[in-house]
Asks: 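A single structure is presented below for examination.
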Amino acid sequence: MGEYGDHESTEDPVHVLRHSTAHLLAAAVTELHPDARYGIGPPVEDGFYYDFAFSRPITEADLAPIESRMRRIAQEDRPFVHETMTREQALAEFRKRGQDYKIELINDKVEGDEVSVYRTGEFLDLCRGPHVKSTKELKAFKLLRVAGAYWRGDEKQPQLTRIYGTAWSSQKELDEHMKFLEEAEKRDHKKLGRELKLFTVDERVGAGLPLWLPAGATIRRELERFIVDEELSRGYLHVRTPDVARLDLYRQSGHLQLYGENMYPPMRFEDGEELELRPVNCPHHIVVYQSELRSYRDLPMRIAEIGNNWRYERSGTLIGLNRVRAFALNDAHIFCTPDQLMGEVKGAIDLALYFSDVLGIDEFSYRLSARDDVKDKWLGTEEQWDRAQAALVEALESMGQKYHLGVGEAAFYGPKIDFQVKDAHRREFTNSTVQVDFQLPERFDLEYVAEDGSRQRPVMVHRGAAGSMERLFSYLIERYVGAFPTWLHPVQVVVIPITDAQIEYARVIEARLRKAKLRVEVDDRPERMQRKIRDAQARKVPYMTIAGAREAEAQHVNVRDRGGNQTDEALDEFVQRVAHEVAEKRR
RNA sequence: GCCCACGUAGCUCAGGUGGUAGAGCAUCGCCUUGGUAAGGCGAAGGUCCCCGGUUCGAAUCCGGGCGUGGGCUCCA
């Protein structure tokens, strides 16, 4: 492909191999479909892709013949030959082949008169390289799927057919990767959500509008209690505000103008009233701030709410619980003086880290989301943006945290620190976020009375410390593969009487656990113990207590945990042990 | 929104080149009271996603929707 694209060229042997496999794919495709035009084909994580314009629609059924042709070419031991042409020569070559996408790339991307190309037999590609020596080195690869992709990532450009593949330096690694893909399927939160009856979606309710079932709602309640309690202890003020507001509120905030395409159409009433489902909570919290005149003594003021947000995401972007049209954000808006800004940013990061630690979010990266240079996408002055970004960078660096830059990923009112997590399929999502905002305070004319009696403008920090409940939940489902820590699990203990004669004792166990505020079920179905164990195991219940005649006699429980370990202990001891584990939120 | 695929019982899936469908699990009933991952027998359960069209006849063919999955674009 064109390393004339925006990809960094790399000498990493696996990248080279994947890049070469992309060329191999394009060579096979152009042999089988001579009128196909090729776009770009870089290496990516775990593999490669190549984009083509075909004269007829290509489906996954077309992949097998393409893959066999690739293997044939690989065996032919064709060398990858590097050549340098003049611009005119290169343009002529690609014109001869009808490859207008390559011509466009040469015209737009190549500087100077030298053009670097690679030949693989008949196949010629604009490419900086490097490549493997011969197609013979390409042995462990597999085509995975076809997808649509806009030429040069632009919605207004034609859509090409992208073929994705995976490539490794050995068959063993390829096998392992295929195994990983299979495992990812099993960990998928959509699958587990159904199996464990955590949530459901139903087209009668609508796309992207999940329903939390009792088991899922129990976990959410625990999460919310934990989050709210922790925030209260850190000086946050929790509020409750409505899910709708007058449309004008979003004109004032700028959301209607800059975020409007994601908003639900307003509800219009006969008397002229226009109400809007809120896409964000900030304006409501600003109104809370403005409900009375604030003094510098009130600041920082940390207004928090697990607030429902409504965003009409485009249908094709919805993904399970990760991308929905109604979600509850663990949100807060901190109003502070410029002097307090740094401390508040650090405090927000610290809280997000604390939540991550307790919840087991142990793999994430920081993305510093900055603006790009598209002028009408952002509010405010360059100076304000620089100041805001400097605050975020300083906070991260003083905490010794590494980050990468996300150009164009900022909110319209300011830069952000995003905590990026990956789902089972290694797709990246933002969970926690911390944002510095000088714009909304201006647009809403926010003020506080300073020590000298003057009116001053506060700074706002927007932060979602635990992300949205939906996205957080999907992460946790996949993180624990449904085997949630005891404090979160919908059913902490299942009591299994061996025969009906022990149902009475099972009820005693149940009552004792319940009194300790534990969630317990007695499995009194007319089934065999083995069956009940199997079912509890499938639900990943942390503890089973087997109650037989011996246990009833001794007021003991025979405990089996979901790892299969068995112990025999006094009932009171067991109750205390589990209650303790729950109180500690052990994982 | 766009590209590709898919939509059959609550779930996982067979089947059907046009003559209204089947398994396992789950559910319900009966029998079984069993010491650490599926006891037995039986019953019930489907407008084959929806709406049009073609046809004597559509779950099957055609068109349009809706939904799901994977990508692109966009984002908690």
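In this text the structure is predicted, and so the values were computed from the model without any measurement.
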Asks: Using atom C1' of each nucleotide, how far apart are B/G67 and B/C61 to the nearest Å?
Replies: 22 Å
Asks: Look at the side-chain N and O atoms of A/Tyr164 and state whether any lies under 4.0 Å from the OP1 or OP2 oxygen of B/C72.
Replies: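 The answer is yes; a side-chain N or O of A/Tyr164 sits under 4.0 Å from OP1 or OP2.
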Asks: Under 3.5 Å between N/O atoms: give me all the protein pairs with nucleotides 68-70 of chain B, atom names plus distance.
Replies:
residue	atom	partner	partner atom	Å
B/G70	OP1	A/Lys190	NZ	3.4
B/G70	OP1	A/Arg427	NH1	3.1
B/G70	OP1	A/Arg427	NH2	3.0
B/G70	O2'	A/Arg145	NE	2.9

Asks: Report the residues that fulfil side chain to side chain donor-acceptor pair (under 3.5 Å) with A/His255, sequence neighbours left out, ordered by chain and then residue number.
Replies: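 With neighbours one apart ignored, the set is A/Ser253.
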Asks: Could you state the atom-to-atom distance from CG of A/Asn558 to P of B/A37 in whole Å?
Replies: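 It is 12 Å, rounded to the nearest whole Å.
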Asks: Does the B/C72 base have a donor-acceptor partner in the side chain of A/Arg152 within less than 3.5 Å?
Replies: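 Donor-acceptor pair under 3.5 Å: no.
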Asks: Heavy-atom contacts under 4.0 Å between residues 363-376 of chain A and RNA chain B, which residues?
Replies: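 Residues of residues 363-376 of chain A that come under 4.0 Å of RNA chain B do not exist, since none gets that close.
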Asks: Residues two or more places apart in sequence or in another chain: which of them pass ring-ring contact (aromatic ring centres under 6.0 Å, His included) with A/His284?
Replies: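 A/His284 satisfies ring-ring contact (aromatic ring centres under 6.0 Å, His included) with no other residue.
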Asks: Calculate the interatomic distance between A/Asp202 atom CG and B/C49 atom P; express it in whole Å.
Replies: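 About 15 Å, once rounded to whole Å.
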Asks: Is a donor-acceptor contact shorter than 3.5 angstrom present between the side chain of A/Arg314 and the base of B/C74?
Replies: no
Asks: Quick one: which protein N/O atoms are closer than 3.5 Å to N/O atoms of nucleotides 25-34 of chain B? Pair and distance per line, please.
Replies:
residue	atom	partner	partner atom	Å
B/A26	OP1	A/Arg531	NH2	2.0
B/U33	O2	A/Asp500	N	2.8
B/U33	N3	A/Asp500	OD1	3.2
B/U33	N3	A/Asp500	OD2	2.9
B/U33	O4	A/Asp500	OD2	2.6
B/G34	N7	A/Ile498	O	2.2
B/G34	O6	A/Ile498	O	2.9

Asks: Please measure how far the P atom in B/G63 lies from the corresponding atom in B/U54, and state the result in whole Å.
Replies: 15 Å
Asks: Listed in order of residue number, which residues of residues 304-312 of chain A have a non-hydrogen atom at under 4.0 Å from RNA chain B?
Replies: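 Listed by number, they are A/Arg311.
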Asks: Among residues at least two apart in sequence or on other chains, which ones pass side chain to side chain donor-acceptor pair (under 3.5 Å) with A/Asp372?
Replies: A/Lys377, A/Trp378
Asks: Look at A/Arg560 and B/A37 and indicate whether a side-chain polar atom (N or O) is within less than 4.0 Å of OP1 or OP2.
Replies: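 Yes, because at least one side-chain N or O of A/Arg560 sits under 4.0 Å from OP1 or OP2 of B/A37.
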Asks: Without decimals, in angstroms, what is the distance between A/Arg471 CZ and B/A76 P?
Replies: 7 Å
Asks: Please, which pairs that meet salt bridge (Lys or Arg N to Asp or Glu O under 4.0 Å) have at least one residue in residues 302-312 of chain A, sequence neighbours excluded?
Replies: A/Arg278-A/Glu305, A/Arg302-A/Glu344
Asks: At 4.0 Å (heavy atoms only), tell me whether A/Leu472 reaches a base, stays on the sugar-phosphate, or touches nothing.
Replies: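 It contacts nothing in the nucleic acid.
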Asks: Taking side chain to side chain donor-acceptor pair (under 3.5 Å) as the cut-off, I'd like each qualifying pair that reaches into residues 532-544 of chain A, sequence neighbours left out, listed once.
Replies: A/Glu521-A/Arg539, A/Arg525-A/Asp535, A/Arg531-A/Asp535, A/Gln537-A/Arg560, A/Tyr543-A/Glu581
Asks: Among all residues two or more places apart in sequence or in another chain, which pass the ring-ring contact (aromatic ring centres under 6.0 Å, His included) test with A/Tyr354?
Replies: none
Asks: Could you summarise the pairing of RNA chain B as dot-bracket text, marking Watson-Crick and G-U pairs under 3.5 Å with ( ) or [ ] inside the strand and | across strands?
Replies: (((((((..((((.....[..)))).(((((.......))))).....(((((..]....))))))))))))....
Asks: Please determine if a side-chain N or O atom of A/Arg194 lies less than 4.0 Å away from the OP1 or OP2 oxygen of B/U12.
Replies: yes
Asks: Expressed as a whole number of Å, how far does the C1' atom of B/C28 sit from that of B/G34?
Replies: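 Nearest-Å result for B/C28 against B/G34 at atom C1': 22 Å.
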Asks: I'd like to know if A/Glu183 pairs up with A/Lys179 as an ion pair, taking the criterion as any Lys NZ or Arg NE/NH1/NH2 lying under 4.0 Å from an Asp or Glu carboxylate oxygen.
Replies: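 A salt bridge is absent here (no side-chain N lies under 4.0 Å from a carboxylate O).
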Asks: Quick one: does A/Leu392's side chain get under 4.5 Å of A/Tyr366's, heavy atoms only?
Replies: no
Asks: Considering only heavy atoms, which members of residues 547-557 of chain A lie under 4.0 Å from some atom of RNA chain B?
Replies: A/Gly548, A/Ala549, A/Arg550, A/Glu551
